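Okay, so here's the structure we're looking at.
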Amino acid sequence: MQPVNNTGLILGIESSCDETAAAIYHPQHGILSSTLFSQAELHKTYGGVVPEIASRSHIEKIGPIVDEALSLANVSLADIETIGVTSTPGLSGSLLTGLCFAKGIAYGAHKKIIGVNHLQGHVYSACIENDVPFPFLCLTASGGHTSLYFVKDYVTYDLIGTTIDDAAGEAFDKIAKLLNLGYPGGPIIEQLAREAGFKDYFNYPRMRKKNLSLSFSGLKTAVLYDLVKRNAYDLEKKIFTAADDLQLKQQVASSLLVCIKDIFIDRLDSALDEYPEAQAITFVGGVACNAYLREQLQKFAHKNQRSFFTPSPKYCTDNAAMIAFVASKKAEHGMYDDLTLDIF
Ligand code: KG4
Ligand code: ZN
């Protein structure tokens, strides 16, 4: 698809889950600012996101976060041509807060509006800072989604494989919960795995399938039963009984991370067989903050003569820069919405 017109400044708004974020994107100069309020502390005691609390926090923070983005970019609302806003997927109340705020500005200040799919934001997040050659394969791994895409250009991308149950981030989070490690599990598991030398101690089962689907819930069960076998988990009382055994926790974390690395590489290998025309591999989403996985996937890409790109950590986790970036590409192609834009 060829771009049809030049576009002005974009204000991106993201509020699909538990981050209130805004960003300003300049078509020639890129991201001018990216601001964010994380609700992590608000949800911590509940061990997961509470939708009602999330919506109320978005309502409180969205105005100041947008103001901060405008001010850091040294622009005013009058300079903005288009608002790009996440309209799907996510928590309804959270999405509605961002969308209604965006529509209010679009209506009151006569701006254009573009709804952006949050996952499309992740898919193109490696393109914000890099010139990624098309077509490319993208592995998106976050707390809610783990999927493979074949990306043809800035607005055309195909979902070629996805998890049939849990996401990879969810596996890190659930297994961390099993071990009483805290939330989110990914960074804690990475730290413990580093201490254990990123070795495979327990050889958890790798899911090997012919197609490109992924699956992580069986891995959680395998870890659980392995802990039971080691007398480290009481199934009846549902408690981890080896909380003082640091070595065990390090070895579980290390084995888990190596196992997930192998699953990712196995899927990417199959994807390259099916899409040999892919020039590059990108790795995005919250799980892509993991330095060990970044390094291992880069090695795999280079071994297969493909370039490899992954965003800075600030663009791996949820952010509005990726939403503004996608909105700008959609604007170039004339893909605007109107004030009937709804969430789904
Ligand atoms: O993309 P994201 O910020 O939010 C969603 O859209 O879900 O991803 C959050 C997920 C969590 O499951 C978290 O455990 C995981 O990303 N994560 C990591 C790391 N940092 C965050 N997983 C593995 N290693 C990390 N260093
Ligand atoms: Zn996300």
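Here the structure is a predicted model, which is why all the values come from computation and not from measurement. Basis for what follows: all heavy atoms, side chains included, without hydrogens, waters or symmetry-related copies. Each residue takes its place number in the sequence, starting with 1.
- A 6.0 Å sphere centred on CD of Q279 holds more than 12 heavy atoms belonging to other residues, nucleotides or ligands.
- For T97 (side chain) and H58 (main-chain N/O), no donor-acceptor pair under 3.5 Å exists by modelled atom type.
- Atom CG in L272 sits 10.0 Å away from atom CD in Q305 (nearest 0.5 Å).
- In the hydrophobic clustering of this structure, V326 does not group with I80; members are Ile, Leu, Val, Met, Phe, Trp, Tyr whose side-chain heavy atoms approach within less than 4.5 Å, directly or through other members.
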Full working for side chain to side chain contact (heavy atoms under 4.5 Å, CB included) between T35 and L72: CA-CA 9 Å; T35 56; L72 285 177; 3.6 Å; yes
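- V116 and L9 fall into different hydrophobic clusters, where Ile, Leu, Val, Met, Phe, Trp and Tyr are joined by side-chain heavy atoms under 4.5 Å apart, directly or via other members.
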Residues 284-292 side chain polar contacts: donor-acceptor under 3.5 Å, at least two apart:
unit_1 : atom_1 : unit_2 : atom_2 : d
N290   : OD1    : Y292   : N      : 3.1
N290   : OD1    : L293   : N      : 3.0

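- Remark: Q296 engages no residue in a side chain to side chain donor-acceptor pair (under 3.5 Å) (not counting sequence neighbours).
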Derivation and outcome, side chain to side chain contact (heavy atoms under 4.5 Å, CB included), residues S92 and L95: CA-CA 5 Å; S92 305; L95 286 168; 5.9 Å; no
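- Atoms OG and CD1, on S15 and I62 in that order, are 5.0 Å from each other to the nearest 0.5 Å.
- Taking D262 as the reference, R206 meet the salt bridge (charged side-chain N to carboxylate O under 4.0 Å, His left out) condition, with sequence neighbours excluded.
- In this structure E274 satisfies the side-chain contact (heavy atoms from CB on, under 4.5 Å) test together with L212, sequence neighbours excluded.
- By the criterion of side-chain heavy atoms lying less than 4.5 angstrom apart, applied directly or through intervening Ile, Leu, Val, Met, Phe, Trp or Tyr residues, M335 is not grouped with F344; the two fall into different hydrophobic clusters.
- The list of ring pair (Phe, Tyr, Trp, His ring centres under 6.0 Å) pairs with a residue in residues 9-33, not counting sequence neighbours, reads Y25-F325, H26-H29.
- Within the 4.5 Å cutoff, side-chain heavy atoms of F309 are placed close to those of S307.
- No single ILVMFWY cluster, assembled from side-chain heavy atoms under 4.5 Å apart, contains both L119 and L99.
- Under a 4.0 Å N-O distance rule, the pair R56/E60 does not qualify as a salt bridge.
- For D131, the CG atom is loosely surrounded, since the number of other residues' heavy atoms within 6.0 Å does not exceed 12.
- Under 3.5 Å, the side chains of S270 and D273 contain no donor-acceptor pair of N or O atoms.
- A donor-acceptor pair shorter than 3.5 Å cannot be found between the side chains of T146 and T163.
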Compile the donor-acceptor pairs under 3.5 Å between side chains in residues 253-261 and protein atoms, sequence neighbours left out, one pair per line.
unit_1 : atom_1 : unit_2 : atom_2 : d
S254   : OG     : F198   : N      : 3.4
S254   : OG     : K199   : N      : 2.8
S254   : OG     : K199   : O      : 2.8
S255   : OG     : Y201   : N      : 3.0
S255   : OG     : F202   : N      : 3.1
S255   : OG     : Q251   : O      : 2.7

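- K229 pairs by the salt bridge (charged side-chain N to carboxylate O under 4.0 Å, His left out) definition with D226, not counting sequence neighbours.
- With sequence neighbours excluded, the residues forming a salt bridge (charged side-chain N to carboxylate O under 4.0 Å, His left out) with D158 are K152, listed by chain and number.
- Judged as a ring pair (Phe, Tyr, Trp, His ring centres under 6.0 Å), and not counting sequence neighbours, the contacts of Y124 are Y157.
- Placement of I59 and L42 in two distinct hydrophobic clusters is found when ILVMFWY residues are connected by side-chain heavy-atom separations under 4.5 Å, directly or transitively.
- Side-chain contact check for T140 versus V123: some heavy-atom pair is nearer than 4.5 Å.
- A salt bridge (Lys or Arg N to Asp or Glu O under 4.0 Å) check over residues 82-102, counting only residues at least two apart or in different chains, returns nothing.
- The ring pair (Phe, Tyr, Trp, His ring centres under 6.0 Å) test applied to H118 returns H122, not counting sequence neighbours.
- Among residue pairs with one or both ends in residues 238-264, those qualifying as ring pair (Phe, Tyr, Trp, His ring centres under 6.0 Å) are F264-F283; sequence neighbours excluded.
- Heavy atoms from other residues, nucleotides or ligands lying under 6.0 Å from CG of D244 number 12 at most.
- With respect to the salt-bridge test (charged N to carboxylate O, under 4.0 angstrom), the residues K112 and E81 qualify.
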